[in-house]
Amino acid sequence: MSRETEAVSTNPTPPPARVLVIEDETTLAGLIAAYLSRAGYATTTVHTGPDGVQAVREHAPDVVILDLGLPGLDGIEVCRQIRTFSDCYVIVVTARKDEVDTLIGLSVGADAYVTKPFSVRELLARVQTVLRRPRTGSTSASETPSSEPIRVVGALRVDPNGHRVHLADTEVALTPTERDLLITLARRPTMAFTRRQLIDVIWGTDWVGDEHLVDVHVAHLRRKLGDDPDTGRYVTTVRGIGYRMGQG
């Protein structure tokens, strides 16, 4: 066996992505888990809010599918608690038709949502979409990730290579979506991005949903950065278009 062939054959296979399903309807949870398992994901299910928080601590999932109507703790509180120690992707599943509930779910750190009734294939597509999301945008052939400079806007430092954000000397804890959003804006600081452009870069071009979810993530990002929406030191609203990087 040649050295080249030997190297290929001993290359470890990456472990499957871990998905945690937090759903109190046991039949639905089992159906979702079965689809995910057949698609190659390592899947765990729990049925209450407190068990969901504990399962995230124990299993460190890549994606959490989170029902809002849970016993013990509702899904919004579960998401809040998860966000204190995990930056996994969170896909909210809700039977509530009121758009406000969906936006509340997103504002506490959820990355996407699916409204009941839904097909399990639709939910699987959401999982696949977040897991293959272009991480903070694609780099050009002439700009490899290792060559990207740290972007500085006033007291804010955005490191696209390390996926880290500092405000003054303090690292800011952001969700994957918030971090991707900020890095995307920082990479082209003079460009005004439309909501659709940000969705295409961060969520993927096949994303279908309410484009105003971008506004929710921007609002949450601004709160974490202590940024005033009226002045937009770090994230500026461009009326009639969308958002661009502020001037610090």
Side-chain angles (χ1 to χ4, degrees), residues 14-49 51-53 55-56 59-79 82-83 86-135 175-177 180 195-196 198-217:
R18 299 179 300 276
V19 182
L20 172 65
V21 180
I22 312 176
E23 168 61 65
D24 65 325
E25 296 180 33
T26 56
T27 301
L28 178 58
L31 181 62
I32 293 171
Y35 265 80
L36 290 168
S37 296
R38 284 199 294 270
Y41 299 110
T43 308
T44 305
T45 61
V46 295
H47 308 296
T48 72
D51 287 347
V53 175
V56 174
H59 299 285
D62 299 295
V63 180
V64 170
I65 296 173
L66 175 64
D67 184 39
L68 285 187
L70 294 168
L73 290 173
D74 68 24
I76 291 174
E77 181 57 29
V78 169
C79 194
I82 288 173
R83 281 298 177 233
S86 174
D87 66 353
C88 62
Y89 291 113
V90 176
I91 301 176
V92 164
V93 176
T94 177
R96 305 171 190 176
K97 299 299 184 181
D98 192 330
E99 184 180 21
V100 173
D101 283 332
T102 298
L103 295 180
I104 288 173
L106 287 168
S107 70
V108 296
D111 298 283
Y113 66 90
V114 176
T115 303
K116 294 180 180 178
F118 60 88
S119 71
V120 180
R121 289 182 180 179
E122 175 190 358
L123 184 57
L124 177 59
R126 281 283 190 266
V127 171
Q128 292 169 334
T129 296
V130 296
L131 285 174
R132 69 170 180 262
R133 259 171 34 177
R135 302 303 296 159
T175 68
T177 297
D180 289 357
R195 294 181 183 88
R196 185 68 244 180
L198 290 169
I199 286 173
D200 287 348
V201 172
I202 299 167
W203 283 266
T205 55
D206 57 351
W207 180 267
V208 177
D210 188 346
E211 293 183 5
H212 285 86
L213 68 89
V214 173
D215 302 337
V216 176
H217 287 290

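Treat the numbers as computed from the prediction; the structure is a model and nothing was measured.
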Do you know the tightest heavy-atom contact between Pro176 and Asp87?
CG-O, 2.6 Å
Between the CG atom in Asp180 and the OG1 atom in Thr175, the distance rounded to the nearest 0.5 Å is 8.0 Å
Interatomic spacing from OG1 in Thr115 to CD in Glu122 - rounded to 0.5 Å:
8.0 Å
Contact between Tyr41 and Val63 at the side-chain level, heavy atoms closer than 4.5 Å - yes or no?
no
Could you tell me whether a side-chain N or O of Ser86 sits under 3.5 Å from a main-chain N or O of Ile82, the two making a donor and an acceptor?
no
Could you tell me whether the side chain of Arg126 and the main chain of Arg121 form a donor-acceptor pair under 3.5 Å?
no
Nearest heavy-atom pair of Asp24 and Pro71: which atoms, and what distance?
CB-CD, 3.6 Å
Taking all heavy atoms of Cys79 and all of Ala110, pick out the closest pair and write down the distance.
SG-N, 3.8 Å
Any side-chain heavy atom of Leu198 sitting closer than 4.5 Å to one from His217?
no
Would you mind telling me which of Val90, Thr45, Asp62, Val46 makes a side-chain contact (heavy atoms from CB on, under 4.5 Å) with Leu20?
Val46
Can you tell me how far the NE2 atom of His212 sits from the CZ atom of Arg195, to the nearest 0.5 Å?
4.0 Å
Glu25 backbone acceptor or donor facing Glu23 side chain under 3.5 Å:
yes
Ignoring hydrogens and angles, tell me if any N or O in the side chain of Arg18 forms a donor-acceptor pair with the backbone of Ala60 under 3.5 Å.
yes
Backbone of Asp111 reached by a side-chain donor or acceptor of Trp203 within 3.5 Å
yes
Separation of His47 NE2 from Thr26 OG1 (nearest 0.5 Å):
6.0 Å
Please report the closest heavy-atom contact between Ala55 and Pro61, naming both atoms and the distance.
O-CD, 4.4 Å
Closest non-hydrogen atom pair between Val78 and Gly49, with its separation
CG2-CA, 3.5 Å
Counting heavy atoms not belonging to Arg38, are there more than 12 under 6.0 Å from its CZ?
yes
Is there a side-chain contact between Val53 and Glu77, using heavy atoms and a 4.5 Å cut-off?
no
The side-chain contact (heavy atoms from CB on, under 4.5 Å) partner of Ile22 among Leu68, Asp51, Leu66 is Leu66
Give, for atom CG of Leu36 and atom CG of Leu123, the distance between the pair rounded to the nearest 0.5 Å.
6.5 Å
